[in-house]
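This one's a predicted model, so the numbers in the text were calculated from it and none came from an experiment. Below, read A as the first sequence line, B as the second, and so on, with proteins coming before strands; counting in each chain starts at 1. Keep in mind that the numbers below use all heavy atoms, side chains included, and drop hydrogens, waters and symmetry copies.
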Amino acid sequence: MNDRRLLAEVLVLSLAAPVLLCGCATVSEAGTGIAQAAGVLTSSQAASINRSVQAVEKTWQDLTPEQEFYIGRAVVAQVLQTYPPLDRPQANEYLNVLGQSLAAFSARPETFGGYHFLLLDSHEINAFAAPGGLILVTRGMVRCCQNEDELAAVLAHEICHVEKKHGLSSIKQGRLSQAFTIIASESAKQAGGEQLAALTREFEGSVSDVVTTLTTSGYSRGQERDADAAGIRLLQRAGYPAAAMVTMLERMDERLADSGGFGFAQTHPSAKSRADALRKTIRDTEPSPDAVRQQRFSAALQSVLASR
Amino acid sequence: MNIRVLAVLIVISVGVAFAAPMSVQVRNGRVRATPSQLGAVVATVDYGAKVEAGTPEKGWYPVTTADGKTGWLHESVLSKKPIVLRAGTTDAATGASSDEVALAGKGFNEQVEAKLRREGKLDYSWVDRMSAITIGADQLAEFRAQGHLPGGAQ
């Protein structure tokens, strides 16, 4: 490229940057602006229309990390009504150290309340990632893992659902439009009685949408494959072999066939098809498990891995 | 001056000119000594606190806190929108609309959770217990070192 032309282009881009970054008025603003100019609307009417239209235009992507945090907490509280927690402090601590060790390498290492992990006392093979970073893993799922690397693969997959906000994306837009309209009309931090009641209804509905997706209907196949692919990259960044994701899925496939297809099988695409798709993308062969990792995995999860 | 060098300088100066205040959007932001989640914590910043953020490098912003401490914060910690903790504070008084400022605590919040707790609809005791499990930086470093996991690379 000609040097002077390059300089001119850089100058134009430099000057345009602030406009490109800040100048995104919505279509509704443009519309009410024209109506105001024509004398059809007063400025306060236009402002009011813009406020409500903007509220309706907002989606799950506009939920703040704080709102995501409160949704995630309620999702976990609700899932725990069906799947009881497993009260084993040593095993839960190990799960948290392993999970934190992976989350540190995530593209989203920090959430409002951080990542926390809990075992569930269920023989069903399943794992749930609530919005904001609260992750639940059944003992049935732990039993599918032969070593720390494979359990790391399960957690990496779930962390990627949090990173990509797949849980929030399952909230119905109608509820969010209602909620954002209430939020827009709140004049202060504290909502009044009626507003709070209405907001709580939309909140409960949103939580229920996420719980239904996690426990019954499942994420889309695309979202699952996304979490698999990102999960493999996360595993590798954290120092674990990518092959662990494939071997874990293959064993899960065998166990699911034995279990009659409940739980995970209902909410996820076939483990075998996922393993086959991933095997094509990874080059490294299955390494022999690290002795220290193997030992601490067995020691911490002894009681979880024990007979049914 | 070589025109290519001048072009590079303009790009850099525009970047510096955009060093701007950003707000902490997580409950406890940890400012790191290095741009790594495993880096030592040199300061902590609360939800809503403002920091001066420079040009990010691979998802990490060099920042200066209100009390002058410097370090790095991951982009997931920061929001470009000013976060106002309460209505009626200086920022809220500037007349910025709610689209330009995020009012902390608005919407799905503590108040909504408190209502659900009061009505006995959800039991949060295990949610609180699992959220209370914290792993120290030393414990994490030891776990990674003993397990022969490479540290630091993001």
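Proximity of B:V26 to A:F69: side-chain heavy atoms (C-beta onward) are nowhere separated by under 4.5 Å. With contacts defined as side-chain heavy-atom distances shorter than 4.5 Å, the pair A:F105/B:Q37 does not qualify. Annotation: side chain of A:I183 is not in contact with side chain of B:F108 (no heavy-atom distance under 4.5 Å).
Looking at A:L63, the atoms closer than 4.5 Å to chain B (heavy atoms on both sides) all sit in the side chain, from C-beta outward. For A:Q295, no part lies under 4.5 angstrom from a heavy atom of chain B. A:D62 does not touch chain B: none of its heavy atoms, backbone or side chain, sits under 4.5 Å away. Within the 4.5 angstrom heavy-atom criterion, atoms from both the backbone and the side chain of A:T200 approach chain B. Heavy atoms closer than 4.5 Å to chain A are found nowhere in B:L73, neither backbone nor side chain. Residue contact with chain B, scored on non-hydrogen atoms closer than 4.5 Å, involves the backbone and the side chain of A:N96 alike. For A:Q81, the part sitting under 4.5 Å from any heavy atom of chain B is the side chain, from C-beta outward, and nothing else. In this structure, chain B has heavy atoms under 4.5 Å from both the backbone and the side chain of A:A74. Contact annotation for A:I71: only side-chain heavy atoms (C-beta onward) come within less than 4.5 Å of a heavy atom of chain B.
For A:A104 against B:L38, the heavy-atom pair with the smallest separation is CB-CD2, 4.0 Å. Contact record, A:S101 with B:L149: OG-CD1, 4.4 Å, taken as the closest heavy-atom pair. Taking all atoms of both residues into account, the shortest heavy-atom contact from A:R73 to B:S131 is NH1-OG, 4.0 Å.
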| task | Report the C-alpha distance between B:V112 and A:Y70 in whole Å, list the side-chain angles of each, state the deciding distance to 0.1 Å, and finish with yes or no for side chain to side chain contact (heavy atoms under 4.5 Å, CB included). | result | CA-CA 9 Å; B:V112 171; A:Y70 283 104; over 6 Å; no
| said: Pair B:R30, A:E110 - check salt bridge (Lys or Arg N to Asp or Glu O under 4.0 Å), show working. | reply: CA-CA 9 Å; B:R30 287 164 294 187; A:E110 300 270 9; 3.4 Å; yes
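In summary, of the residues considered (A:L119, A:L80, A:L136), a side-chain contact (heavy atoms from CB on, under 4.5 Å) with B:M130 occurs for A:L136 alone.
The candidate from A:A130, A:A291, A:P65 with the greatest count of non-hydrogen atom pairs under 4.5 Å with chain B is A:P65. Each of A:L134, A:T111, A:D87, A:L98 has some count of heavy-atom pairs under 4.5 Å with chain B, and the biggest count is that of A:D87. Chain B forms the most heavy-atom pairs under 4.5 Å with one residue out of A:A179, A:S206, A:P89, A:A238, and that residue is A:A238. For the options B:K115, B:R129, B:Q146, heavy-atom pairs under 4.5 Å to chain A are most numerous at B:K115. Note: B:R27 leads B:H148, B:Q25, B:R27 in heavy-atom pairs under 4.5 Å with chain A. When each of B:T134, B:V77, B:L116 is scored by its heavy-atom pairs under 4.5 Å with chain A, the top score falls to B:L116.
For the pair A:R296 (side chain) and B:F143 (backbone), a donor-acceptor distance under 3.5 Å is present.
Residue B:D67 qualifies as enclosed at atom CG: its count of foreign heavy atoms under 6.0 Å is above 12.
We find the CG-CD distance between B:L122 and A:Q78 to be 6.0 Å, quoted to the nearest 0.5 Å. How far OG1 of A:T64 is from CD1 of B:I83: 8.0 Å, rounded to the nearest 0.5 Å.
For the residue pair A:Q100 and B:Q139, no side-chain donor N or O sits within less than 3.5 Å of a side-chain acceptor on the partner. Remark: the B:S76 side chain and the A:R108 side chain contain no N/O donor-acceptor pair separated by less than 3.5 Å.
By the side chain to side chain contact (heavy atoms under 4.5 Å, CB included) test, A:A103 pairs with A:Y115, A:I159, sequence neighbours left out. Partners of A:Y94 by side chain to side chain donor-acceptor pair (under 3.5 Å), not counting sequence neighbours, listed by chain and number: A:E148.
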